[in-house]
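Naming convention: chains lettered A, B, ... in sequence-line order (proteins, then strands); numbering from 1 in each chain.
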Amino acid sequence: MTELNETNFYNPSEIETRWQKKWDEDGLYHSDIDPHRKKYYALTMLPYPSGDLHIGHWYAMMPPDARARFKRMQGFNVLFPMGFDAFGLPAENAAIKNNIHPKTWTYANIDKMRTQFKTMGAMFDWRREAVSADPEYYKWTQWFFLQFFKNDLAYRKMSPVDWCPNCNTTLAREQVWGDDRHCERCGTPVIKKNLEQWFFRTTRFADELMDFSKIDWPERVRVLETNWIGKSEGALVKFKTQSGDEIEVFTTRPDTLWGVTFMVLAPEHPLVKKLTTSGQRTQLNEYIQQALRQTDIQREATDKEKTGVFTGGYAINPVNGAKIPVWIADYVLMTYGTGAIMGVPAHDQRDFDFARKFELEIKVVIQPDGIAPIKSDEMETSFPAYGVMVNSGKLTGTKADQAFKRAIQFVEQLGVGKASTNYRLRDWLISRQRYWGAPIPIIYCEQCGAVPEVESQLPILLPDDVEWKPTGESPLKLHPTWKNTICPQCGGLAERETDTMDTFMCSSWYHLRYLSPHFSEGPFDPQEYAYWMPVDIYTGGIEHANMHLIYTRFFHKALHSIGVVPDTEPMLVLRNQGMVLGEDSEKMSKSRGNVVAPDKLVNQYGADTVRAYLMFFARWDQGGPWSSTGIEGTARWIRRIWALYNDPAPRGNPSTDLVRNLRRKLHQTLASVTRDFELLEFNTIISSLMELMNELTKAKQSGAAYTPEWKEALKIYALMLAPVAPYMAEELWQKMGRAYSIHHQTWPTVDALAAAEEEITLIVQINGKLRDRITVPAGISDEDAKKEALASEVVRKALEGRQPRQVIVVPERLVNIVV
RNA sequence: GCCGGAGUGGCGGAACUGGCAGACGCGCACGACUCAAAAUCGUGUACCCUCGGGUAUGUGGGUUCAAUUCCCACCUUCGGCACCA
């Protein structure tokens with residue numbers, strides 16, 4: 001080491017701190033409106049300020065940063081901002097545990113992470129940073145709530161909601177995960193509570209949310225969201241009980257209405273009491289008690305045997321007047337459809353199981369077309385497919401393709417039903433009984449009810465002096481004075497809402513706040529919006545498919561519907577990265593001890609190497625296990641590039657062929673790197689650059705370093721490296737004596753002529769098997785290719801004078817001789 | 001159970017529109033340098049083989065002159081949903 005002179009030694013920490021400082025001082029990465037340039041808004045999901053930037057953050061941000069840099073070099077005016085999703089439970093839990101104020105904890109973490117961010121070498125424009133816990137941010141989160149409230153998109157209702165006993169707050173349905181229905185944050189199984197809570201009408205936009213025709217989002221996300229929204233088309237049909245009460249059911253199979261042999265109500269259904277006959281009362285009450293005592297997990301277990309009790313009451317089937325018994329059973333959920341179903345055992349497996357268990361009638365009304373008819377007493381399972389309607393009065397004989405439509409027409413004409421659509425998606429519960437969030441700007445007045453706060457009074461600031469004991473009630477409620485206020489309508493004494501908003505509310509619009517984080521006349525500056533929006537590419541983890549990604553689109557569509565934004569979609573393209581796993585192929589966690597710390601890696605290898613390795617080690621969209629030996633390979637590559645530029649080159653007489661080949665490889669690499677950047681195929685960008693470096697090294701050994709082609713190669717190589725390894729590229733650029741900064745240079749253009757091959761290897765196959773490779777001039781005609789192939793020694797031997805049956809020529813690629 | 005993704009050397013992965021399977025890297029082996037080691041550099045590296053060739057992209061079929069790529073069935077695995085009427 002000692003004999004190496006200063007300039008030859010690659011010292012990333014020196015290079016990186018120096019350029020970081022310079023770029024910062026020069027405002028190299030400022031993005032401002034420029035009507036003369038095409039904009040490109042590249043957005044990466046913002047982090048929660050947990051206090052430490054982990055390798056997953058790097059993985060989510062650095063490859064997209066490289067691509068944003070590439071886009072910038074292509075001439076786009078690129079906006080690539082960063083901020084913090086700063087409200088939320090971890091701060092409050094840390095406060096309880098360590099007796100630090102959530103605000104202190106959060107802002108200290110943000111400071112630390114911002115510093116860590118800067119070492120990454122990302123092109124974030126920090127002037128546009130937005131922090132959701134800043135009053136100037138959450139003022140507008142509250143403002144959005146008020147707009148939703150005023151436009152009937154926010155409402156309050158009493159409902160059974162999921163409650164996490166550990167986090168001491170309610171959760172939205174999608175924040176409850178897994179078979180054991182646990183809290184998405186802490187893993188504790190949730191319980192049900194009946195509470196008065198605020199909701200947003202996400203269901204109003206269910207159809208729009210399922211429409212992906214205007215955006216380029218991954219198939220996987222579209223499928224996930226479509227399933228989550230769970231649209232079912234069918235009919236609502238009214239049955240009447242003997243006492244004249246209506247029981248409405250939702251069905252997706254109106255064509256099976258004639259096969260109804262019983263009805264089932266959810267145990268919680270309001271009509272259960274009235275229907276119950278005195279003889280059944282004891283048994284029924286017992287069943288209801290038992291059903292209510294069960295947790296959702298027990299109740300919704302799909303593998304258990306059906307249970308239920310007859311109410312003693314009957315209903316009349318409106319299509320054929322049949323008298324049918326009404327049961328209650330816990331397999332019918334009060335939360336979906338109408339809480340009541342029609343039982344069609346012949347054509348629904350659940351109803352079939354129920355009918356068999358309680359010996360109820362099974363009546364076949366759909367027969368398969370063409371094959372042997374089904375007999376009800378011989379059935380072993382239900383027949384759920386469409387078919388020809390039988391025993392269905394006037395509709396008997398209707399074929400599968402007409403059955404659904406005609407059955408709906410039929411009930412509509414009778415006036416007992418109508419077409420209807422049901423969704424699995426529920427409205428979004430946004431109330432949280434916690435302190436560290438944006439207060440819901442509503443005032444409760446005894447005279448006027450729930451009254452919106454006056455907009456000029458926003459933000460409703462969080463008080464600093466609170467006790468955050470986890471009591472299950474919002475700490476704001478326990479504050480001695482905070483909630484006391486005056487009704488904006490009548491001026492009387494009133495109380496504030498003490499719940500805060502779900503933090504997903506804050507992150508539903510952060511991409512808009514980045515546009516103008518200090519704008520005070522609205523949530524965003526309309527001029528900035530007009531130039532930058534919509535987001536051109538959004539990147540992040542797929543785990544948010546059913547949460548953040550649905551919320552943020554809902555938010556935008558809601559804002560569109562009330563005229564706040566002109567677009568219906570916030571993000572045109574979505575791409576998901578995979579996850580960096582530990583070396584043991586397991587998810588990284590402190591308890592497993594397999595966590596990779598980026599700070600350490602940066603100290604050891606420099607940020608450029610870490611960036612390059614993250615791009616190289618796996619497909620970005622899939623991720624994979626970390627490898628501490630793997631990164632050595634990338635580090636070696638980076639050092640060899642350094643040597644390529646800085647070590648003395650031997651003199652020699654490079655042949656014209658060598659120089660020609662060098663240029664060809666250079667421009668071929670440029671073409672593939674350009675393409676791969678466009679497609680976010682980061683791993684092959686690095687492989688191509690490694691290949692080219694190997695070629696360059698060989699050429700240098702052969703004395704090519706004194707040719708003009710070499711100079712071009714070093715220039716283009718540095719430019720291709722700039723998005724990947726921004727520090728080293730800048731340093732090499734300067735050492736070459738070129739003008740600062742490499743990050744203001746234009747992406748080089750491919751010289752197609754130079755990239756073109758003069759000679760190609762023609763593959764010769766016999767019966768599809770490789771037999772020979774022959775070198776022929778590029779652009780060879782099919783006829784000549786055929787001639788050359790047949791003339792080949794190997795082919796002549798193999799054919800032994802036989803005539804080929806067929807010869808297939810793939811232009812400039814391959815000749816296949818079939819014998 | 002339903003929906004979706006993925007199965008390629010010892011490992012991560014590459015292969016653009018159906019046309020040379022295994023680019024690039026890790027690892028490993030050997031060599032150079034060194035008193036020695038590390039680092040670095042070079043060479044080799046799918047499997048079998050009688051050195052002609054043969055076999056290989058989860059398994060079994062099919063389409064085709066030609067299949068990692070298209071079609072059918074199955075297996076494994078990961079993710080989502082799950083008594084949603």
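The shortest distance between the side-chain N/O atoms of A:Asn683 and the OP1/OP2 oxygens of B:A14 is below 4.0 Å. Between A:Arg220 and B:C3, a side-chain N or O to OP1/OP2 separation shorter than 4.0 Å is absent. Between B:G25 and A:Asn694, a contact under 4.0 Å exists linking OP1 or OP2 to a side-chain N or O. The shortest distance between the side-chain N/O atoms of A:Arg640 and the OP1/OP2 oxygens of B:C41 is below 4.0 Å. A sub-4.0 Å separation between OP1 or OP2 of B:A85 and a side-chain N or O of A:Arg424 is absent. At the phosphate of B:C65, neither OP1 nor OP2 sits under 4.0 Å from any side-chain N or O atom of A:Arg805. Between A:Arg771 and B:G54 there is a side-chain N or O to OP1 or OP2 distance below 4.0 Å. In this structure, A:Arg253 does not reach the B:A85 phosphate: none of its side-chain N or O atoms is under 4.0 Å from OP1 or OP2. Considering only side-chain N and O atoms, A:Ser232 lies under 4.0 angstrom from the phosphate OP1 or OP2 of B:A85. Considering only side-chain N and O atoms, A:Lys698 lies nowhere under 4.0 angstrom from the phosphate OP1 or OP2 of B:G42.
Along RNA chain B, the nucleotide nearest to A:Ser687 and the one nearest to A:Gly630 differ in position, and the one closer to the 5' end is contacted by A:Ser687.
B:C75 and B:G60 are spaced 10 Å apart, taking the C1' atom of each and rounding to whole Å. Between B:C81 and B:G18, the distance separating the two C1' atoms is 36 Å to the nearest Å. For the P atoms, the distance linking B:G25 with B:G19 amounts to 25 Å, nearest Å.
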Q. So what does the secondary structure string of RNA chain B come out as, 5' to 3', with Watson-Crick or wobble pairs under 3.5 angstrom, [ ] for crossing and | for pairs with another strand?
A. (((((((..(((......[....)))((((((.......))))))(((....)))..(((((..]....))))))))))))....
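Counting all heavy atoms, side chain and backbone alike, A:Asn594 lies closest to A:Lys587 at ND2-O, 3.3 Å.
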